[in-house]
Amino acid sequence: MFNNESYNISKVRKDRLKSIILAILILSSVIQVGILWAYQTTGIPFSFFLSIFGESNPGNMANIEEKAREELFKPYRLVISNGDEAHWLVKENEEIYWKITEEVQKYIKRIISSKQVESGTISTEEWKNLLLKKGIFIEFRTGIKTSLARWFLNVKGDSSESPDSIYKIIMLPDEDINLNNIIYILGEKKIYKFVLPFQKNDMSREEYNKIIKRFEADSSRIKYSMGLEIDPEGNSPFDLAYDLLCVIEDVRNDIRYDMSPYLEFSFGPDILNIEEIAKILLGNEKESYDRYVDRNNTMVFKNISNTYRIYRNGFLEYRYTQDIGRQGRGDIAKAFEKAFILISRINDYLLDSQASLSLIDINEDNPDYYEFVFDYIIDGYPIYIDYSDENRSYKHAVTIKANGDRIIEADWLLMNFYKGMNYAQYSISFEDIIQSVFLKYSIGSYSEFSAKNMMVGYFIDNSYKKELPPVWIIEKQDAGYYNVSLLSEEDE
């Protein structure tokens with residue numbers, strides 16, 4: 001009797017142990033399938049576990065569009081004009097910048113989602129004339145495809161006359177005699193005109209006019225002229241863009257610009273421990289990766305499909321190592337979504353910086369993927385890079401190649417930036433800028449000089465120091481750019 005009971009208890013225990021082991025094997029299989037499914041369906045080279053265990057994940061699809069919209073779908077230049085040859089740049093750190101940006105996003109959303117919007121097209125000559133009218137001028141650093149704009153703005157519908165892309169916008173609240181706001185969009189192939197009624201929650205025509213009057217009354221604001229106003233007949237020896245902003249003043253006290261005299265920076269991730277970086281990059285999938293530091297002090301993380309390398313200068317490289325085949329690029333919004341999830345993860349966990357990223361180019365030359373290019377930007381000031389080491393040259397902060405299925409490659413020069421606490425005054429006279437460019441680049445004649453855009457920013461090359469002074473960046477009409485130092489009071 002005693003022996004039978006012992007036997008039965010032992011058998012029950014064995015059966016329970018078998019059940020537990022079987023459950024563990026089934027759970028392991030589910031997780032392995034989940035990891036494979038997650039990567040194949042999302043194309044993101046990290047952690048299925050973060051989502052199923054509810055850990056903090058910047059790739060959470062519930063808020064990814066909103067995060068991308070706030071960080072990347074915003075104007076590079078926002079200009080307010082009074083229609084009387086006075087234009088004011090609005091900085092990103094001003095409340096009015098975000099208020100107007102939100103309004104413009106609302107109008108774009110209506111334009112690309114509604115079939116009831118009155119629309120048409122205009123000529124390039126008409127666009128030039130619109131630049132001088134009273135209203136709002138907005139420019140992105142690159143044209144945004146409408147399908148990508150729909151993703152940014154979470155638009156599900158379609159419109160009868162959407163622009164092919166969105167590069168520059170002119171908004172003229174005063175143009176229509178009825179209660180309509182007029183929006184012009186410079187796309188890739190056409191210039192579009194849209195007539196949209198003011199709605200209850202929109203900024204009113206009166207509010208726009210109050211903003212312009214407030215800017216006119218603020219003597220501390222710098223007034224800019226546009227290239228078209230400087231040379232309306234096209235007789236200048238310079239090749240200037242119509243919407244180039246520059247300062248033409250006689251009184252030097254009126255052309256001073258206050259900004260931080262330097263920017264501190266460092267290369268590399270904020271974390272140097274390979275195990276910590278593995279957890280950040282790979283989450284709980286890190287155990288499926290081999291990881292080591294090679295003889296060149298490069299951190300390497302690799303499995304059968306993915307390889308990460310972080311070089312000692314802070315350069316991060318990702319490669320998908322399987323053959324992608326010839327399946328085409330797929331949807332640009334899906335490709336960008338994958339790129340942005342990777343960007344968010346690295347920005348949030350590997351860097352400790354006051355700078356953010358700005359989308360500067362979308363290359364569609366390759367039929368198998370999109371190439372998204374980003375540069376660093378801080379408080380609206382772009383950071384240009386022309387830096388090289390023994391292995392490669394660096395022209396941009398981040399380049400990501402992705403298609404609708406997955407990220408294929410990613411290159412990122414990891415850098416942390418911090419603003420200086422002091423401020424200095426600089427001259428922003430167009431004459432001073434031209435003289436500095438001609439002197440530095442040994443330009444022999446006026447006809448050799450061209451300017452598409454001019455902005456204050458920062459520049460990193462091989463002569464870098466740990467502190468970057470502000471410079472003028474003058475983009476040429478064809479390609480490339482000049483950079484010259486801002487002249488401070490001490491330089492004059």
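Owing to the predicted nature of the structure, the values given are computational and were not obtained by experimental measurement.
- Between Phe238 and Phe438, the ring planes lie perpendicular to each other; the angle is over 60°, past the 30° to 60° tilted range.
- Within the cation-pi definition used here (under 6.0 Å to the ring centroid, within 45° of the axis), Arg205 does not qualify as a partner of Phe198.
- No donor-acceptor pair closer than 3.5 Å links the side chain of Asn403 to the backbone N or O of Tyr370.
- Closest of all the heavy-atom pairs between Leu359 and Val373 is CD1-O, 3.6 Å.
- Taking the six-membered ring wherever Trp is involved, the centroid distance between the rings of Phe340 and Phe372 does not fall below 6.0 Å.
- Counting heavy-atom neighbours within 6.0 Å of Glu390 CD, excluding the residue itself, gives a total above 12.
- Geometric assessment of Arg392 against the ring of Tyr387 yields a negative cation-pi assignment under the 6.0 Å and 45° thresholds.
- A 6.0 Å sphere centred on NZ of Lys190 holds no more than 12 heavy atoms belonging to other residues, nucleotides or ligands.
- Applying the salt bridge (Lys or Arg N to Asp or Glu O under 4.0 Å) rule to Glu475 yields no partners; only residues at least two apart in sequence or on another chain are considered.
- Using a 4.0 Å cut-off between a side-chain N of Lys or Arg and a carboxylate O of Asp or Glu, Glu102 and Lys99 do not qualify as a salt bridge.
- Between Phe315 and Tyr394, the ring centre distance stays below 6.0 Å.
- Between Lys74 and Glu92 a salt bridge is recorded (basic side-chain N to carboxylate O distance below 4.0 Å).
- Ionic pairing of Glu85 and Lys223 is not present here: no N-O contact between side-chain nitrogen and carboxylate oxygen is shorter than 4.0 angstrom.
- Counting only residues at least two apart or in different chains, salt bridge (Lys or Arg N to Asp or Glu O under 4.0 Å) contacts with residues 414-429 comprise Asp379-Lys419.
- Aromatic ring pairs are classed by plane angle as parallel below 30°, tilted from 30° to 60° and perpendicular above 60°; the pair Phe194 and Tyr192 is parallel.
- Between Trp151 and Phe336, the gap from one ring centroid to the other is short of 6.0 Å.
- Stacking of Arg221 on the aromatic ring of Phe215 is recorded, both the 6.0 Å distance cut-off and the 45° axial limit being met.
- Atom CD1 of Ile170 sits about 9.0 Å away from atom CG of Leu132, to the nearest 0.5 Å.
- You'll find the side chain of Ile191 stays beyond 4.5 Å of the side chain of Thr121, heavy atoms only.
- Geometric assessment of Arg110 against the ring of Tyr107 yields a positive cation-pi assignment under the 6.0 Å and 45° thresholds.
- A cation-pi arrangement, defined by a distance under 6.0 Å to the six-membered ring centre and an angle within 45 degrees of its axis, is present between Lys476 and Tyr482.
- The residues Asp174 and Lys134 are annotated as salt-bridged, a charged nitrogen and a carboxylate oxygen being separated by less than 4.0 angstrom.
- One finds no salt bridge joining Asp405 and Arg329 here, because no Lys/Arg side-chain nitrogen approaches an Asp/Glu carboxylate oxygen to under 4.0 Å.
- The aromatic rings of Tyr481 and Phe459 lie perpendicular to each other, with more than 60° between the two planes, well past the 30° mark.
- By the 6.0 Å contact criterion, CD on Glu207 is enclosed, its count of non-hydrogen atoms from other residues, nucleotides or ligands being greater than 12.
- Salt bridge status for Glu206 with Lys210: absent, with no side-chain N to carboxylate O gap under 4.0 Å.
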